[in-house]
There are 2 protein chains.
Amino acid sequence: MELKRTADGETGFEKVFAFLRERLLAGSLKPGDRLISERELATLLGVSRPIVREALRALTVLGIVEIRDRIGTVVTRPDVSVLNDFFTFALAQQADMLDDVMQARVAIECQAIRLACERANIADFERLQRALAKIGETIDEADAGGMADFEFHRAIVIASHSETLTVLHGSLAGLLTHSHRSRRKLVQAFPSMKTYLIDDHRRIFDAVIARDPERADATLRKHFAIGDEYRRRAIVGDIDRTIASG
Amino acid sequence: MELKRTADGETGFEKVFAFLRERLLAGSLKPGDRLISERELATLLGVSRPIVREALRALTVLGIVEIRDRIGTVVTRPDVSVLNDFFTFALAQQADMLDDVMQARVAIECQAIRLACERANIADFERLQRALAKIGETIDEADAGGMADFEFHRAIVIASHSETLTVLHGSLAGLLTHSHRSRRKLVQAFPSMKTYLIDDHRRIFDAVIARDPERADATLRKHFAIGDEYRRRAIVGDIDRTIASG
DNA sequence: GTCTGATCTTGGTCAGACCAGTATGCTAAC
DNA sequence: GTTAGCATACTGGTCTGACCAAGATCAGAC
């Protein structure tokens, strides 16, 4: 029928995507709403169904929309998985990004702990306490220990009651899980790290309980710094001597 | 020919996506590589071309791949725009997220300024200085002033030499541009804010020059806090009185 | 009033086709 | 031998019309 591009050089896909984007941003399409069928959308915008599907698929990977087989397409609440996907790919292609991601994680967590000091409620405190206890219990186990560590830090972020921080932390931390595990392997190799892990988390917990943002931030930051230092020395291979002399 | 799903209930799209994901994560597909043509991919995986296009489109919006008209599909370096898209949609559907996003931005920037104190080079200092000068020059203009403000903060993040932080900050700040602008409108309405804006940025700049992470972080954090306070008072509507009495 | 089955609708997919430029290589002119 | 030109194969961008399987719906049977 017509040319493949509209007058202004817009591609068919862009046309559909822009159409949906508009409604989504304007708010006329809200989470839970069901879109009109692919066929209707196609005839409405004067494009073919495969093109419509491309656009819907694009929104799907962005976590904006969910295509349900034989049901229809519905608008969803934005989901974290997008960020996970992105960082996963990004990390795979730039291995040197790992340290960078860690920096971002520290950023998020230090901000979160400040907010947590202001906003944490009883439930948050309890979650933190449970996580702290678990760190002590699993100090000798690599996997469970790493999990407990992760849970503690996650509990901090949750206590910030900031969804954006939680989402970001979730994506970033997901990439660093093996980092946690490798840290735990260090523990098994060098039992001297046990006190560092337990005491540090305890101090962080105390600062949050005291609702002291400055102290909490500083303590957490130091915690990360020491962890870095441990890993660095482990790489050099003289961790035992260094600790013994410290 | 066959059923629409493979034996394990995998959809055609997932099949193609998984295929490409594998190569991308494994590293056999690196940035700059050109994929085989859509037709070849289709016959190779036993699916139709529209399905292949869905998968490629999905990778496109994830910023992993770029489809070039009449050229082919090439692997690109992961791009920020994904995060931008995501946050834009996410924000649109959860307006209350704005404050949340601001918290995340503060997090990123405070971490960035710490790194900047360690890593900034002459070029970074010069960029900061230029931005600082521009803030002074454009103090009376709403749009240009907001831009200058943004440039200064961006210069801080760039000076951190952390791509991840830069990427995240870019996405978050993009959502907050109108926040900058509205702040500038406050300036026009209440000239008493001029000194706050100029002096604060100057102090931040000085701390970075001095390579003092703690001071830089604290100063920047205070800067944001004061900005928040201004906005809050502006909403209440008694900003003049408050400032006059302070 | 409830249950049941035919029918409509929806997403998932395919096959084959056309268009408009790009890339390439071969031919013909210099 | 070199190079300008052009035919051709290839690429993405798109359309059409079709089929399948299963959820949704509603009329009709009980």
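First the proteins, then the strands, lettered A, B, ... as listed; each starts at 1.
The two residues B/Phe13 and B/Ala55 come nearest to each other via the heavy atoms CE1-CA, 3.4 Å.
Residue B/Glu40 is in sugar-phosphate contact alone, with no base atom involved, counting any heavy-atom pair closer than 4.0 Å across all strands shown. Across all strands, B/Glu54 comes closer than 4.0 Å to no nucleic acid atom at all (heavy-atom distances).
Side-chain proximity of A/Ile67 to the nucleotides D/dA22, C/dG12, C/dA20 is greatest for C/dG12. Comparing atom distances between the A/Arg39 side chain and each of D/dC19, D/dT11, C/dC14 picks out D/dC19 as nearest. The listed nucleotides are D/dA24, C/dG11, C/dA17; the one nearest the side chain of A/Ser37 is C/dG11. Looking at the side chain of A/Val47, the nearest of the listed nucleotides D/dG12, D/dC15, C/dT13 is D/dC15. Candidate nucleotides C/dG11, D/dC15, C/dC14 were compared by shortest atom distance to the side chain of A/Ser48, and D/dC15 ranks first. The side chain of B/Arg70 approaches D/dT11 more closely than any other nucleotide in the set D/dG13, D/dG23, D/dT11. Nearest to the side-chain atoms of B/Arg53 among the listed nucleotides C/dG12, D/dT11, D/dG13 stands D/dG13.
Relative orientation of the B/Phe152 and B/His201 rings is perpendicular, given thresholds of 30° and 60° on the angle between their planes. The aromatic rings of A/Phe17 and B/Phe89 sit perpendicular to each other, their planes meeting at more than 60°, with 30° as the lower class boundary. Using the six-membered ring where Trp is involved, B/His223 and B/His153 have ring planes that are parallel, under 30° apart on the 30 and 60° scheme.
A donor and an acceptor atom never sit less than 3.5 Å apart when one is taken from the side chain of A/Arg34 and the other from the base of C/dT10. Counting distance only, with no hydrogens placed and no angle test, the side-chain atoms of A/Arg57 and the base atoms of C/dG12 include no donor-acceptor pair under 3.5 Å. For B/Arg68 and D/dG13, a side-chain-to-base donor-acceptor distance below 3.5 Å is absent, hydrogens and geometry of angles not being considered.
Taking atom CG of residue B/Leu41 and atom P of nucleotide D/dT11, one finds them 12 Å apart after rounding to whole Å. Spacing between atom CD of B/Glu14 and atom P of C/dT13 amounts to 8 Å, rounded to whole angstrom units. Atom CD1 in A/Ile36 sits roughly 13 Å away from atom C1' in C/dT10 (whole-Å rounding). Between B/Ile71 atom CD1 and D/dG13 atom P the separation is 10 Å, expressed in whole Å. In this structure, B/Asp69 places its CG atom 14 Å from C1' of C/dA23, rounding to the nearest Å. Atoms CG (B/Leu56) and C1' (D/dG13) sit 13 Å apart, rounded to a whole Å. Between the CD atom of A/Glu38 and the C1' atom of D/dC15 there is a distance of 16 Å, given to the nearest Å. Counting to the nearest Å, the C1' atom of C/dG11 and the CZ atom of A/Arg49 are 6 Å from each other.
Contact check, B/Thr73 against D/dG12: a side-chain N or O comes under 4.0 Å of OP1 or OP2. For D/dT14, one of the phosphate oxygens OP1 or OP2 lies less than 4.0 angstrom from a side-chain nitrogen or oxygen of A/Thr11.
A donor-acceptor distance shorter than 3.5 angstrom exists from the side chain of B/Ser171 to the backbone of B/Val167, with no hydrogens or angles considered.
Atom CD in B/Glu66 sits 12.0 Å away from atom CG in B/Leu35 (nearest 0.5 Å).
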